[in-house]
Amino acid sequence: MNSEIEVLRDYIRRHGLRFTPEREAIVKEIFSRHDHFTVEELYLSLRRSRPISRASLYRTIPLLIEAGLISEVFQDSGQTRYEHTYGHEQHCHLRCQSCGEVIEFHEDTLEALGQRVAGEHGYRLNGHRLEVLGCCPACQDKARARED
Ligand SMILES: [Zn+2]
Ligand SMILES: [Zn+2]
């Protein structure tokens, strides 16, 4: 498997773009973290080690999605969260709407469901996305404590 930097280089070459140290730093930062981040959070952590323009970061995100390196995960209070997906097995997310905790899970039945639905409509399957929303045990306890 190619490294994420090779994937970026390859994508940039095929699209006649410029490979810049800034784009390389963005990809390195994204692959060094294992969370679901907003572009603003990424900007703040990148800025600690190098000068970076917010505008060029925002311009780079769609390239990384198209290159298959990252994906949009979900919307949280109006903000889009992303994660690096290249080299990772597809997974879904269970999210607590009170505290924001996120649990990743993988379910084979969803894969089969995706295959079936795509097949029925003559689609070639690329993947699926599922977000399960709820209230985690800790937040349920807190809510119960408030009621007492
Ligand atoms: Zn919670
Ligand atoms: Zn995830």
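Numbering of ligands and ligand atoms starts at 1, following listing order. If you're wondering where the values come from, they're calculated on a predicted model, not measured in any experiment.
Residue L69 holds its CG atom at 8.0 Å from CD1 of I30, rounded to the nearest 0.5 Å. Here the CD-CZ distance, from Q75 to R81, works out to 10.5 Å after rounding to the nearest 0.5 Å. The line from CD of E24 to NZ of K28 is 4.0 Å long, rounded to the nearest 0.5 Å.
Ring pair H93/F74 is perpendicular by interplanar angle, where above 60° counts as perpendicular and below 30° as parallel.
Checking side-chain atoms of Q140 against main-chain N and O of C135 turns up a donor-acceptor pair under 3.5 Å.
Restricting E83 to its N, O or S atoms, the one at the least distance from the Zn ion (ligand 2) is OE1. The atom of H91 that is an N, O or S and sits closest to the Zn ion (ligand 2) is NE2. When distances from the Zn ion (ligand 2) to the N, O or S atoms of E104 are compared, OE2 comes out shortest.
Rounding to 10°, one obtains 90° for the angle at the Zn ion (ligand 2) between NE2 (H93) and NE2 (H36). Rounding to 10°, one obtains 110° for the angle at the Zn ion (ligand 1) between SG (C139) and SG (C99).
Within the 2.8 Å limit, C135 places no N, O or S atom next to the Zn ion (ligand 1).
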